[in-house]
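What follows is a set of notes on a single structure, which appears directly below.
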Amino acid sequence: MKNKLHETYRILLNNFGRQHWWPAKSKKERKFEICVGAILTQNTSWKNAEKAIENLRKANALSKEPIKNFPEKKIASLIKPAGYYNQKARKLKAFAGFLEKNSFEKLEKMPISKARGMLLKVHGIGRETADSMLLYALNKPIFVVDAYTKRIFERIFNIKFKDYDEWQDFFSSSLGRDTLLFNEYHALIVALGKDVCRNKPLCGKCPMQNRCNAKF
DNA sequence: CGCCAGGGCCTCA
DNA sequence: TGAGGCCATGGC
């Protein structure tokens, strides 16, 4: 399976090109933005999350202190384009509060599993969001599993796992611990999932159509 | 117009 | 532990 996963990556990269999501190195302010983005894009298109981020930026609210100090209603109104804005306002506040006692520097020095466990205790941070933060903000080699990942690999290889952690083990046991690879692979999976391997798939334009086990 | 986005929480068996 | 309801705007 190791070779197949690497081959799939190579095909997706050739077909879609580099996605330049979040860069490997970034400053503290940038890390915060990445984490905010990870929360705002929950079950939401990145375009809508981006609008919410720009609203926060224009209001000088895209950093820890204002997120912590502004009224929750105010945050909610700024992030309206991202949807679920009341819930997400609360989540952003919870994350800003978490950072009061836990700096990015501290998190980066911890073992991954410990940092992950701490993030998972924060309201609004589930496994995918925690892993996105670990991978894209803290540059930890952890594979992000989302709805696209499950759908795509269920179809291509006709495999299925019960829960999130089993999906993650499937990838990391085959691919090792390569932060840059995981960064780009997940972005490519999203590109394939949203434009081609949709709920109603467009198999005719899929770069994996020769190797895919799904029949439609 | 209906479908669905780069999920997670809560409740209830 | 798993299924199901809920949250909500905007692009297509």
Side-chain angles (χ1 to χ4, degrees), chain A residues 8-9 12-13 16-23 30-31 33-56 58 72-98 116-138 140 142-155 160-169 171 179 181-202 205 216:
Chain A
T8 303
Y9 172 73
L12 294 179
L13 183 60
F16 293 105
R18 294 207 177 274
Q19 300 297 299
H20 14 90
W21 272 23
W22 291 308
R30 183 73 168 139
K31 294 180 193 298
E33 294 183 24
I34 293 168
C35 293
V36 168
I39 290 172
L40 290 178
T41 197
Q42 287 172 358
N43 203 38
T44 300
S45 70
W46 178 248
K47 285 195 169 185
N48 284 4
E50 215 169 20
K51 291 180 182 183
I53 290 174
E54 284 316 303
N55 286 347
L56 290 172
K58 286 182 211 156
E72 199 166 308
K73 292 280 189 188
K74 173 68 175 170
I75 304 291
S77 70
L78 288 170
I79 64 172
K80 214 161 200 173
Y84 309 120
Y85 47 85
N86 289 314
Q87 293 204 10
K88 286 176 180 175
R90 182 180 164 203
K91 294 177 180 181
L92 291 181
K93 277 194 162 292
F95 179 64
F98 169 76
R116 187 174 194 258
M118 292 175 69
L119 287 169
L120 287 175
K121 289 182 190 165
V122 181
H123 174 81
I125 300 183
R127 284 169 295 196
E128 186 189 335
T129 305
D131 290 341
S132 292
M133 291 177 175
L134 290 167
L135 177 61
Y136 290 103
L138 300 177
K140 298 292 187 182
I142 191 156
F143 199 91
V144 176
V145 177
D146 64 353
Y148 290 142
T149 311
K150 296 174 186 169
R151 184 169 74 205
I152 288 170
F153 288 89
E154 279 174 14
R155 287 174 175 172
K160 194 174 182 66
F161 299 105
K162 288 197 297 290
D163 56 39
Y164 184 100
D165 293 322
E166 289 185 42
W167 276 102
Q168 188 169 58
D169 290 343
F171 286 96
T179 300
L181 173 66
F182 290 179
N183 181 321
E184 192 63 35
Y185 208 156
H186 177 64
L188 288 166
I189 286 168
V190 171
L192 181 68
K194 71 183 166 73
D195 295 331
V196 182
C197 198
R198 302 178 177 175
N199 213 327
K200 291 169 68 77
L202 306 176
K205 55 185 279 194
F216 289 97

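Below, chains carry the letters A, B, ... as their sequence lines are ordered, and counting in each starts from 1.
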- Query: Whole Å only: how far is the NZ atom of A:Lys51 from the P atom of C:dT9?
  - Reply: 13 Å

- Sugar-phosphate, base or nothing in reach of A:Ile125, heavy atoms under 4.0 Å: sugar-phosphate

- Message: Other residues, nucleotides and ligands only: do more than 12 of their heavy atoms fall within 6.0 Å of CZ on A:Arg90?
- Response: no

- Query: Taking A:Val190 as the fixed residue, which of A:Trp46, A:Tyr185, A:Phe16, A:Trp21 is the one that meets the side chain to side chain contact (heavy atoms under 4.5 Å, CB included) rule?
  - Reply: A:Trp21

- Task: On DNA chain B, reading 5' to 3', which nucleotide is the first and which the last to sit with an atom under 4.0 Å from a heavy atom of chain A, could you check?
- Result: B:dC4 to B:dC9

- Task: Report the base-pairing partner of C:dC12 (Watson-Crick or G-U wobble, both distances below 3.5 angstrom), or none.
- Result: B:dG2

- Write down the distance separating the C1' atoms in B:dC1 and C:dC7, rounded off to the nearest Å. 22 Å

- Atom OH of A:Tyr85 to atom C1' of C:dC7: distance rounded to whole Å? 10 Å

- Taking atom C1' in both C:dG4 and B:dG6, compute the distance separating them and give it to the nearest angstrom. 23 Å

- Query: For A:Lys80 and C:dC7, what is the distance between atoms NZ and C1' respectively, to the nearest whole Å?
  - Reply: 14 Å

- Task: State whether A:Glu50 and A:Lys47 are salt-bridged, where the test is any N-O pair (Lys NZ or Arg NE/NH1/NH2 against Asp/Glu carboxylate O) under 4.0 Å.
- Result: no

- Ion pair present between A:Lys150 and A:Glu154, side-chain N to carboxylate O less than 4.0 angstrom? no

- Message: Categorize A:Arg198 for me: base, sugar-phosphate, or nothing, with a 4.0 angstrom heavy-atom threshold over every strand shown.
- Response: nothing

- Between atom CG in A:Asp165 and atom P in C:dT1, what is the gap in whole Å? 13 Å

- Nearest-Å distance, NZ (A:Lys162) to P (C:dA3)? 12 Å

- Item | A:Asp165/A:Arg116 ion pair, N-O < 4.0 Å | yes

- Take the angle between the ring planes of A:His186 and A:Tyr136 and call it parallel below 30°, perpendicular above 60°, tilted in between. tilted

- Message: Would you say A:Lys88 and A:Thr44 are linked by a side-chain donor-acceptor pair, where the criterion is simply a distance under 3.5 Å?
- Response: yes

- Select base, sugar-phosphate, or nothing to describe what A:His186 touches, counting heavy atoms under 4.0 Å on all strands. nothing

- Look at the side-chain N and O atoms of A:Lys194 and state whether any lies under 4.0 Å from the OP1 or OP2 oxygen of C:dG11. no

- Task: Would you classify A:Asp163 as touching base, sugar-phosphate or nothing, given that sugar-phosphate means primed atoms plus P, OP1 and OP2, and contacts are heavy atoms under 4.0 Å?
- Result: nothing

- Toward the 5' end of DNA chain B, by each residue's nearest nucleotide, A:Arg90 or A:Asn48: A:Asn48

- So does A:Tyr84 get a side-chain nitrogen or oxygen closer than 4.0 Å to the phosphate oxygens (OP1/OP2) of C:dC6? no

- Among C:dC12, C:dG10, C:dA8, the one nearest any side-chain atom of A:Gln87 is C:dA8

- Rounded P spacing from B:dG8 to C:dG10 in Å: 22 Å

